[in-house]
Amino acid sequence: MFDVATNLIWLLESAVKKTPPPEDWLTLIFTRSGFCLYLILGFSVFGVAIILMKWVALRTSKILPPSVGRQFLELAHQRDMQGISDLCQRFNHLPLARVTAAGVELAAAGADVMEREMAAIARFELHDRGNYLPALGVMSYVATLVGLLGTVTGMITAFRNIHVQGTTSTEFVAAGVYESLFNTAEGLLVAIVFYLAHQYFRARMARLGIEFEEYITRFVNALFYGKAA
């Protein structure tokens, strides 16, 4: 309500004094940033899509749900191979089940072989879930460079205006300064968000790797050595 009243006041004053109403931040960004803004927007759309994909793909419930893991461990402790196979087929959409199924197929070869195979499949599954993460890291770096490019083009615009107009009046320099500062801010903002997201998902994958190692060790111990799940 306050913003509406403020804009109405400015409109009335504009009608009387013939002065334009103030521009909001969104208008300023799209009118003062120059062509680099569209490069940053392109990176932003692609980067946000990756963030949303990884947010869903790297959830524990999508990879290593604790409830399903406990069922596998209990069946391994009971040495119920048929029950394990049935559960693997039931949850075949989960990396946890595929890792377990790969291990069960080599159970006759011994604990060491089985554990190595399960660890290899777990690494493959996590690597597959980490697709496009390197791209997110690259974009966090490139967005900074694009912002700096916008800074340079903005300063070029400012000095060009000084040269063309033959004056250092802020009226002629402001457009270039606007472009310079807006591009710097936009590039840094996008770079910071992408960098933090990249580091978060890398840490998330490392944590999932540790959880898989713990599960594999407990599963093999339960199946071969009868240790409690």
Side-chain angles (χ1 to χ4, degrees), residues 40 42-77 84 87-107 109-147 187-225 227-229:
I40 294 172
F43 284 126
S44 299
V45 171
F46 188 45
V48 169
I50 294 176
I51 290 173
L52 293 177
M53 288 169 53
K54 297 302 108 179
W55 185 266
V56 173
L58 293 176
R59 288 188 300 174
T60 301
S61 60
K62 295 287 186 179
I63 298 177
L64 210 157
S67 59
V68 180
R70 285 193 294 269
Q71 293 180 56
F72 276 122
L73 292 175
E74 290 172 2
L75 291 172
H77 183 62
I84 294 173
L87 199 61
C88 287
Q89 293 179 1
R90 178 183 172 188
F91 293 100
N92 189 51
H93 61 284
L94 295 175
L96 171 64
R98 293 193 289 270
V99 168
T100 304
V104 169
E105 290 179 358
L106 295 177
D112 292 339
V113 174
M114 179 180 177
E115 188 170 0
R116 285 197 298 270
E117 179 66 14
M118 292 178 72
I121 300 299
R123 287 193 297 270
F124 173 80
E125 291 285 349
L126 288 178
H127 181 270
D128 186 56
R129 292 288 175 130
N131 285 341
Y132 299 109
L133 271 186
L136 192 62
V138 170
M139 285 191 295
S140 70
Y141 178 73
V142 174
T144 306
L145 297 181
V146 173
L188 288 175
L189 178 62
V190 171
I192 290 170
V193 172
F194 286 178
Y195 177 79
L196 292 176
H198 181 252
Q199 294 301 311
Y200 170 79
F201 289 128
R202 285 187 61 188
R204 181 74 188 133
M205 288 185 63
R207 178 60 186 170
L208 287 169
I210 294 173
E211 291 178 2
F212 255 126
E213 290 178 3
E214 181 182 356
Y215 165 77
I216 291 169
T217 300
R218 294 177 65 187
F219 184 84
V220 171
N221 287 339
L223 184 64
F224 284 90
Y225 308 116
K227 293 186 178 181

So, taking the atom named [atom1] in [X] and the one named [atom2] in [Y], what distance separates them when rounded to the nearest 0.5 Å?
X: Leu189; Y: Ile40; atom1: CG; atom2: CD1; answer: 9.5 Å
X: Tyr200; Y: Ile51; atom1: OH; atom2: CD1; answer: 11.5 Å
X: Met118; Y: Phe212; atom1: CE; atom2: CZ; answer: 8.5 Å
X: Leu136; Y: Met139; atom1: CG; atom2: CE; answer: 5.0 Å
X: His127; Y: Leu133; atom1: NE2; atom2: CG; answer: 10.0 Å
X: Phe201; Y: Trp55; atom1: CZ; atom2: CH2; answer: 6.5 Å

Keeping the roles fixed (side chain from Asn221, backbone from Arg218), state whether a donor-acceptor pair exists under 3.5 Å. no
Any donor-acceptor pair under 3.5 Å linking the side chain of Lys54 with the backbone of Arg129?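 Between the backbone of Arg129 and the side chain of Lys54 there is a qualifying donor-acceptor contact (under 3.5 Å).
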For residues 204-211, which side-chain N or O atoms pair as donor and acceptor with protein atoms under 3.5 Å away, sequence neighbours left out?
from: Arg204; atom 1: NE; to: Leu58; atom 2: O; distance (Å): 3.1
from: Arg204; atom 1: NH2; to: Thr60; atom 2: OG1; distance (Å): 2.2
from: Arg207; atom 1: NE; to: Glu211; atom 2: OE2; distance (Å): 3.4

Side chains of [X] and [Y]: closer than 4.5 Å at any heavy-atom pair?
X: Thr144; Y: Tyr195; value: no
X: Thr100; Y: Tyr215; value: yes
X: Pro134; Y: Val138; value: no
X: Lys62; Y: Leu94; value: no
X: Phe72; Y: Val104; value: no
X: Pro95; Y: Phe124; value: no

Quick one: closest heavy-atom pair of [X] and [Y], and the distance?
X: Ala135; Y: Ile50; answer: CB-CD1, 4.2 Å
X: Gly47; Y: Phe194; answer: CA-CZ, 3.5 Å
X: Ala97; Y: Cys88; answer: O-SG, 3.6 Å
X: Ile216; Y: Ala122; answer: CD1-CB, 4.2 Å
X: Gly110; Y: Phe224; answer: C-CZ, 3.8 Å
X: Ala102; Y: Ile121; answer: CB-CG1, 3.7 Å

Give a yes or no on whether Arg202 atom CZ has more than 12 heavy-atom contacts from other residues, nucleotides or ligands under 6.0 Å away.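 No - once you tally the heavy atoms of other residues, nucleotides and ligands closer than 6.0 Å, there are 12 at most.
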Sorted by chain and residue number, the ring pair (Phe, Tyr, Trp, His ring centres under 6.0 Å) partners of Phe91 (sequence neighbours excluded) come out as none
